[in-house]
K.L.:
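Got a structure for you, written out below as structure tokens; questions coming shortly.
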Amino acid sequence: MAARRARRLLGSLCIALLFAQPAPTGAAARSGSRSLLTESLVRTFTPFYFLVEPLDVLAVRGMSVIMNCSAQCESPPRIEWRKDGSFLNLVSDDRRQLLPDGSLLINSVVHSKHNKPDEGYYQCVATVDSLGTIVSRTAKLTVAGLPRFTSQPEPTSVRRGGSAVLGCEVTAELAPLLRWERDRQALAPEPRVLQLPGGALLLSNASDSDAGLYRCALDSPGTPKYSDEAELKVLPDAEEPQKLALLKPPSSLSRLAGQSALFPCVAAGFPPPLVRWTRNGEELPTDGSGRFQLLPGGVLEIRDVTEADAGTFTCIAESGNDTLEAQAELAVQVPPTFLKRPGNIYAHESMDIVFECEVTGKPMPTVKWVKNGDVVIPSDYFKIVKEHNLQVLGLVKSDEGFYQCIAENDVGNAQAGAQLIILDLAAAPAGPLPSAPRDVVATLVSTRFIRLTWRPPASDPHGDNLTYSIFYTKEGINRERVENTSRPGETQVMIQSLMPETVYVFRVVAQNRHGPGESSAPLKVATQPEVQLPGPAPNIRAFSSSPTSVTVTWETPLSGNGDIQNYKLYYMEKGQHTEQDVDVAGLSHTVTGLKKFTEYSFRVVAYNKHGPGVSTHDVVVRTLSDVPSAPPQNLTLEVRNSKSILLQWQPPPAGTQSGQITGYKIRYRRVARKSDVTESVAGTQLSQLIEGLERGTEYSFRVAAMTVNGTGPATDWVSAETFESDLDESRVPEVPSSLHVRPLVTSIVVSWTPPENQDVVVRGYAIGYGIGSPHAQTIKVDYKQRYYTIENLDPSSHYVITLKAFNNVGEGIPLYESAVTRPHSDTSEVDLFVINAPYTPVPDPSPMMPPVGVQASILSHDTIRITWADNSLPKNQKITDARFYTVRWKTNIPANTKYKTANATTLSYLVTGLKPNTLYEFSVMVTKGRRSSTWSMTAHGTTFELVPTSPPKDVTVVSKEGKPRTIIVNWQPPSEANGKITGYIIYYSTDVNAEIHDWVIEPVVGNRLTHQIQELTLDTPYFFKIQARNSKGMGPMSEAVQFRTPKAESSDKMPNDQASGSAGKGSRPMDLGPDYKPPLGGSNSPHGSPTSPLDSNMLLVIIVSVGVITIVIVVIVAVFCTRRTTSHQKKKRAACKSVNGSHKYKGNSKDVKPPDLWIHHERLELKPIDKSPDPNPIMTDTPIPRNSQDITPVDNSMDSNIHQRRNSYRGHESEDSMSTLAGRRGMRPKMMMPFDSQPPQQSVRNTPSTDTMPAGSAVPGAELPEPEGPFLPAEEEPQGPPTAHVRPSHPLKSFAVPAVPSAGGPFDPALPSTPLLTQQAPGHPLHAVKTASIGTLGRTRPPMPVVVPSAPEVQETTRMLEDSESSYEPDELTKEMAHLEGLMKDLNAITTA
């Protein structure tokens, strides 16, 4: 009784301190329940727990097993057992019975291949009526299988003092039952004999007494089971070296914390091998003083394993010059452990509470909650929060009881419990209570929250001292939750965390100092529906399963809102900005193809029929390390003396290290002998001096990088030969053989050659300089260096320079030189200017040949390999002396004159640290002793592109004038584009803190630096970010730029953005050039304007009609002119020069005196030109204006139909005609001649692109290509009066009458027409043109310049002549041509005279 009273008193104290602990949560626990709780009936917590819980048991068939269990409580608990989740009926079971203390006894365990009734998971359940139920941890009963050997011992032999391993493998559960016998007698325990975890027997330091027959035995109920016998022979000691071999390498283990681990490493060989161990590359102390002990036979024992012991263990066996290595992983697992156990909680009905539970373990345990022995299923009122805590909302009386947190992982489980007591309310003190609050309404209803407001009760209209409790529940649910107002007198509350599209019932109760009053009438409110998207997937975990893969697991979202169709797994490399994704159907996925030892972030989004749901948080994991995948770089050898060689190297490229470099392994050997000597280098030093070598001996070296996972690939063998004798360092070096100076404005370039006596060691050179004295400044350089630039000097100053060679003994004799720096104003080429020592270079008596065949091989964005050949080496290119090579490089920019250099002792060098997408030039020189070559020819290489490493610059956002919903984003390219920019991505959002995958994306293709974004919301702040991309990926984002859109649209905004006008789509303004003048008598109407009402068919009819009229007029004029000549010889000559030589022209004509002809001789010069050698000369056509409108210059705004007919036709011209005309193009004159009283005639021309000659050009052979499209480029737009084009193949054919198409024939698109365009080159002003008058028909037309282009094709002209034959008689054509040819002959005679 006294103890019970003490417990009650303790409970009362707990009540007083209840509000000092944070166990109850929710509004009820924060405010209104305080006064109620102090007046409640007091109840105390009842201790109820397990004294003993069952443990995992390994049993053998036929044995008896006891599963221990004992519970403690004031009232004796009732004990029951579950197997695999189901209660056992122990009353009627004759093999299993419950012991008085609650333990379970299983007699004669039954186990067979098809009947395993006893094997499984057992759990003890303790119950106290009217109090509750608790459950124990789960224990596993494993029944060992039938005794069976997976491997048998085999006969073996061992030399005296050596080690032997006899194999006898059994399953893991039978291993503890295994023992060994020799000659059928149990083996006596001794340190030399060790049974390994798998069952094998290790015998070390063998002696003759160890020989015999060995077998292993399995003890089981009944007769033991024996393996086969195997004989072990002990051989005498070895006399010759035996090859090193590993008899039993270590294998990976997994151990629980606190257990022991054994790693075997049994090696055999002669001399007897020595075994040592490392963990993660660090040497292990195995002297027995700590937890690590080296047992006989090379076995490593680790006692009391901790989580920190996990890692890679490497055994290294060494015997003479042989070395063998083997690795094994130790994984340490930790059963679940509680960091924070649930605590007992007092609460009232309608309150919200949280049971806290924090666990740890390896692997990380999962947590489930049990209430009174039953698993808690998460629901709207029972929720798992913060991964492990249990939240209970709206408590009811039935929620009382014991709650247990059960943590479980692969290696165990544990439980911890707490009690929940729901207190009854005590009777309130006497006094007036408030009436019901009035006018309870829902003023704001959303999908997941509701705002309630009300008026104070009528009993207390002001209600300044009243507090309110709002009780609410789902319709049809008896579990009510409560929310209290935050301060007295407040008459509104926000109820959150509701479910969408759900009906809730609310009531409000006012409270004063006497207690709660009447409840308001229930108010039903339905929340708004929302798109039923899935919630985040809980418990997302990621772990690296290999160096290139990561496995991600998650669980089904608690609020799936329908069936989950699939998941999308997003992952991204750390430091990058481009996410990758993969569709997953299940709850786990392994991402492969990742980079080794690299951090990645992962997140998961669930999809249902409505779309993507809420993303999980990002989990970050690093892929496992691995051995390096590439060797170290730039291994160089430097022979220090006759017994040592210095090795220097650089680490493997960053992307190939696959982990943290823990050291480097150097292997070297004499070339004459192939035996290896291994020397491990601790840490990450990048050089090693190998000493103790033989004189005059060639050695080969190679280096490999190491990580915790092992050794990567080694470099190629690099050879060097030690000196036959050491250089003398007992005295200082002699004076350098020469010193040259080259003064500049603010610097002096100093160059020198080594001392002539090369038997004395030179460690370096000391350069002293100063104004008037060489002792002001001193600089020391390496002994390999041959030149140095002294910077930051004063112009026009006299400097004295000294050079001394030095070694460890001291400095040698100095060599002096002086020079005057050049003045500031001197910008000429720098000549050598030396005071009292004119520059007289001392030529090397035998200069070395520079390297040849220098090649640059691009390896990555920052690495280029330089290779070369040395003609002074033997054909096998083997370096046998102490020569070295100097590689220099710089960017191929004219302004950049600064080189970087590096030395190499091989015929290649790996240049790293270069800039991406940059052109470099490289050259190499060779140095041997004091002899050096000149620089080789340069090689060039451009590094690969890399993703941009800087964001776009100068991001600005402005509003578009007249369009407040449209903004214009401007920016500048990134300063480190690292390649050609192929586009940009603009991100914008109204929330600058939103996840980047929630921002709106606007892609910009190409290298544009501006972009418009339309349909934005008015008066809204937007944030903009931009990232650039090239062929390698996306660069970083710029900083967010804020811009607020205007408040309202402008009133004068037009319905559409296109200004209306008469110009149609695609029209262009007429650009006639600054020299344009309207032609005389020409029409000003723009022929072919796009705004002409005539459609294309009407235009075609007009063209054909005008052509027919023109042909009729030309025929009349031709007949009139033909009658004026009767010369038979002219007729034959004209006939011979026609295209078709088979035509025979008939008829007579008389000679006609040519009319007066005035010619401007500065503009026109007709000279005798050789006739074309073409046997079938081509008659050219003379383009004539079709009508007066055609004389106006034609601009770029011609109708599309006309353009289709006026595209330049680029035909093929024969080689003969090309060669014949090529020499004449530069000499063709431009003429002005009028055509009297006849309608102009448009002809068809064919102008190859290479035959167009700019008018007015006087340069022979000058050519101007002709545009292919219908639009004329700006440099070829008309600059003056239009000209007709004439293509003479003979000087007498310049005025030949054209072959006219048939009058009634359709327009042939195969012969495209060309507008009359001036072919004048830009920059040549059009001179005034004097014209000649031909004919006396009374009316003269405006003068027309005639440009002489190339001849058309044979095929085209022949077709035109064939067309003309269909309209003219041969006699008429003969007379016409004979007349015009005679006229031209007379004209030529007049001009010559």
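A quick note: this is a predicted structure, and the numbers were derived from the prediction, not measured. Here, residue 1 is the first one in the sequence, and each next residue gets the next number.
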K.L.:
Any side-chain to backbone donor/acceptor pair from Glu282 onto Arg279? Under 3.5 Å, distance only.
P.N.:
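Not confirmed, Glu282 side chain does not pair with Arg279 backbone.
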K.L.:
Who passes side-chain contact (heavy atoms from CB on, under 4.5 Å) against Ala139, sequence neighbours left out?
P.N.:
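With sequence neighbours excluded, Ala139 shows a side-chain contact (heavy atoms from CB on, under 4.5 Å) to Pro54, Asp56, Met67, Arg137, given in chain and number order.
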K.L.:
Rounded to the nearest 0.5 Å, how far apart are NZ of Lys368 and CD of Gln404?
P.N.:
10.5 Å
K.L.:
Aromatic ring centroids of Trp369 and Phe382 under 6.0 Å?
P.N.:
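No.
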K.L.:
Tell me whether the guanidinium CZ or amine NZ of Arg603 lies under 6.0 angstrom from the six-membered ring centre of Tyr571 and within 45° of its axis.
P.N.:
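The answer is no, since Arg603 fails at least one limit relative to Tyr571.
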K.L.:
Looking at Val110, is its backbone amide N or carbonyl O close enough to the side chain of Asp118 to form a donor-acceptor pair, meaning the two atoms are under 3.5 Å apart?
P.N.:
yes
K.L.:
Can any side-chain N or O of Tyr600 pair as donor or acceptor with the backbone N or O of Lys595 at less than 3.5 Å?
P.N.:
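Between the backbone of Lys595 and the side chain of Tyr600 there is a qualifying donor-acceptor contact (under 3.5 Å).
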K.L.:
To the nearest 0.5 Å, tell me how far Ser136 OG sits from Ile79 CD1.
P.N.:
9.0 Å
K.L.:
Could you check whether any side-chain N or O of Arg291 sits under 3.5 Å from a backbone N or O of Asp304, counting only pairs where one atom can act as donor and the other as acceptor?
P.N.:
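Confirmed, Arg291 side chain pairs with Asp304 backbone.
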K.L.:
Checking Asn709 side chain against Asp626 main chain: does a donor-acceptor pair fall under 3.5 Å?
P.N.:
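Yes: the side chain of Asn709 pairs with the backbone of Asp626.
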K.L.:
Are Arg541 and Thr553 close enough that a side-chain donor and a side-chain acceptor fall under 3.5 Å?
P.N.:
no
K.L.:
Using distance alone, with no hydrogens and no angle criterion, decide if Thr133 and Thr127 have a side-chain donor and acceptor under 3.5 Å apart.
P.N.:
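Result is yes, a qualifying pair exists.
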K.L.:
List for me each residue that meets side-chain contact (heavy atoms from CB on, under 4.5 Å) alongside Leu131, sequence neighbours excluded, and say none if there are none.
P.N.:
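For Leu131, the residues satisfying side-chain contact (heavy atoms from CB on, under 4.5 Å) (neighbours in sequence not counted) are Thr46, Phe48, Cys73, Val128, Phe402, Gln419.
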K.L.:
Check whether any side-chain N or O of Trp81 sits under 3.5 Å from a backbone N or O of Gly102 as a donor-acceptor pair, and report yes or no.
P.N.:
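Yes.
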